Amino acid sequence: MCGRYASSRRPEDLVEEFDIADVRIPEPLAADYNVAPTKEVYAVVERPPSRESEEPPERQLRVVTWGLVPSWAKDPSIGNRMINARMETVAEKPAYKRAFAKRRCLLPADGYFEWYPTQELTVKGKPRKQPFFIRPRDHGILAMAGLYEIWRDPTKADDDPDRFRWTCTVITTDAEDAVGHIHDRMPLMVERDRWASWLDPRQPPDHLLELLVPAAPGTLEAYPVSTLVSNVRNNGPELLEPLPLADVPEGVTP
């Protein structure tokens, strides 16, 4: 599962990194070191320049809400439960099948958080969970595989600019060994040389899953961070700082 991540890159950084042709964001998002479901995030997509255009799709930077709302949904609150799509079933499940075929995206991240159950117990007798931050070892950008949807709000007028809601989900897979001891699932990464094929809506879906691979062993690093990240109201670069050794719970390897 991927339930929190960090995204601090500026739009101009993403434009250069992903070779964006068209920036379609109303205003830049603030750096977010504690991205949680229902928040707005950046997404890289490929779409025709306009709805009527027959020109090839262009690479765009968009702002979407994390939590996918299928186009056929009657209630947008369904998005609260659809923050992740499992790679094993993403091409078949009704909620994701249409988006997988035509509306794929990249979700830029600095890294993501997972919680590891320690040997310590809470007052309720449950294992105390230690958050870890997992990021590329070279501190580069993490291009997470995602899907997006465009939901038409039936309560809004045809000329209302907010009548369409753009939402997304993160595709996950089994975690590779280096981070699998923390959590058994992880977001899927898309390698740079596969970005174009993954984003192109004209690509036949038959071989799309072949473009998705878990991070290669050794490309990610994980380290314990402050439990402050467990509260979504906390948000700042200090959330990504390694936890001092003296504060690391017993049995947790930094």
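Computed from a predicted model, the values in this text were never measured in an experiment.
- The backbone N or O of Gln130 lies less than 3.5 Å from no partner atom in the side chain of Thr118, so there is not a single donor-acceptor pair.
- The shortest distance between side-chain heavy atoms of Met82 and Pro70 falls below 4.5 Å.
- Under the 4.5 Å side-chain heavy-atom criterion for ILVMFWY residues, no single connected hydrophobic cluster contains both Val232 and Leu29.
- Side chain of Arg104 to backbone of Asp200: a donor-acceptor contact under 3.5 angstrom is found.
- Annotation: the span from Leu243 atom CG to Ser226 atom OG amounts to 6.5 Å, rounded to 0.5 Å.
- Ion pair Glu16/Arg9 not flagged as a salt bridge, since none of the NZ, NE, NH1 or NH2 atoms sits closer than 4.0 Å to an Asp/Glu carboxylate oxygen.
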Run Phe113 and Leu240 through side-chain contact (heavy atoms from CB on, under 4.5 Å) and show every step you take.
CA-CA 9 Å; Phe113 297 96; Leu240 309 189; 3.5 Å; yes
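- Between Arg192 and Glu17 there is a salt bridge, since at least one side-chain N of the basic residue sits less than 4.0 Å from a carboxylate O of the acidic one.
- When all heavy atoms are compared, the tightest approach of Pro76 to Arg165 is CB-NH1, 3.3 Å.
- The shortest heavy-atom contact between Met186 and Leu220 is CE-CD1, 3.5 Å.
- Under a 3.5 Å cut-off, the side chain of Tyr223 and the backbone N or O of Glu241 do not form any donor-acceptor pair.
- Contact check for Asp110 versus Leu142: no side-chain heavy atoms found under the 4.5 Å cut-off.
- Between Asp32 and Arg4 there is no salt bridge, since no side-chain nitrogen of the basic residue lies less than 4.0 Å from a carboxylate oxygen of the acidic one.
- Heavy-atom minimum distance, Pro37 versus Gly3: CD-O, 3.3 Å.
- Here the straight-line distance linking atom CD1 of Ile171 with atom CZ of Arg86 works out to 12.5 Å at 0.5 Å rounding.
- The nearest pair of heavy atoms linking Val44 to Leu199 is O-CD2, 3.3 Å.
- A 4.5 Å side-chain heavy-atom check between Pro131 and Thr227 finds at least one atom pair inside the cut-off.
- The number of heavy-atom neighbours closer than 6.0 Å to NZ of Lys39, taken from other residues, nucleotides and ligands shown, is above 12.
- Within a 6.0 Å radius of CZ in Arg24, more than 12 heavy atoms belonging to other residues, nucleotides or ligands are found.
- Here the NZ atom belonging to Lys97 is positioned 12.5 Å from the OG1 atom belonging to Thr89, to the nearest 0.5 angstrom.
- Residues Pro108 and Tyr5 share a closest heavy-atom pair of O-CE1, 3.9 Å.
- A side-chain donor-acceptor contact under 3.5 Å links Arg194 to the backbone of Glu210.
- Checked by atom type and distance alone, the side chain of Asn235 pairs as donor or acceptor with a backbone atom of Tyr33 at under 3.5 Å.
- Within a 6.0 Å radius of CZ in Arg152, more than 12 heavy atoms belonging to other residues, nucleotides or ligands are found.
- In this structure, Asn80 CG and Thr65 OG1 are separated by 10.5 Å, a value rounded to the nearest 0.5 Å.
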What's the verdict on side-chain contact (heavy atoms from CB on, under 4.5 Å) for Val69 and Glu149, showing C-alpha distance, side-chain angles and the deciding distance?
CA-CA 6 Å; Val69 180; Glu149 272 286 14; 5.9 Å; no
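- Considering CD of Gln203 and NZ of Lys102, their distance stands at 10.0 Å, rounded to 0.5 Å.
- Between Pro224 and Tyr116 there is no side-chain heavy-atom pair separated by less than 4.5 Å.
- Between Leu61 and Phe18 there is no side-chain heavy-atom pair separated by less than 4.5 Å.
- Between the side chain of Arg163 and the backbone N or O of Asp160 there is at least one donor-acceptor pair closer than 3.5 Å.
- Residues Arg202 and Pro56 have side chains in contact (heavy-atom distance under 4.5 Å, counting atoms from C-beta outward).
- In this structure, Val90 and Leu147 have side chains that are in contact, with non-hydrogen atoms separated by less than 4.5 Å.
- Side-chain atoms of Asn84 never come within 3.5 Å of backbone atoms of Thr172 as a donor-acceptor pair (strictly under, hydrogens ignored).
- Side-chain contact between Leu239 and Val225: absent, with no pair of heavy atoms (C-beta onward) separated by less than 4.5 Å.
- Distance alone, capped at 3.5 Å, places no donor-acceptor pair between the Trp151 side chain and the Phe164 backbone.
- Checking side-chain atoms of Arg59 against main-chain N and O of Asp19 turns up no donor-acceptor pair under 3.5 Å.
- When Trp66, Phe100, Trp166, Tyr42 are each tested for a ring-ring contact (aromatic ring centres under 6.0 Å, His included) with Tyr148, only one passes: Trp166.
- In summary, Arg185 and Asp174 engage in a salt bridge, as defined by a charged side-chain N under 4.0 Å from a carboxylate O.
- Here the straight-line distance linking atom OG of Ser7 with atom CE of Met144 works out to 8.0 Å at 0.5 Å rounding.
- Nearest heavy atom pair, residue Val229 against residue Asn34, reads O-ND2, 3.2 Å.
- Shown are Cys105, Pro201, Cys168; of these, the side chain to side chain contact (heavy atoms under 4.5 Å, CB included) with Val45 is made only by Cys105.
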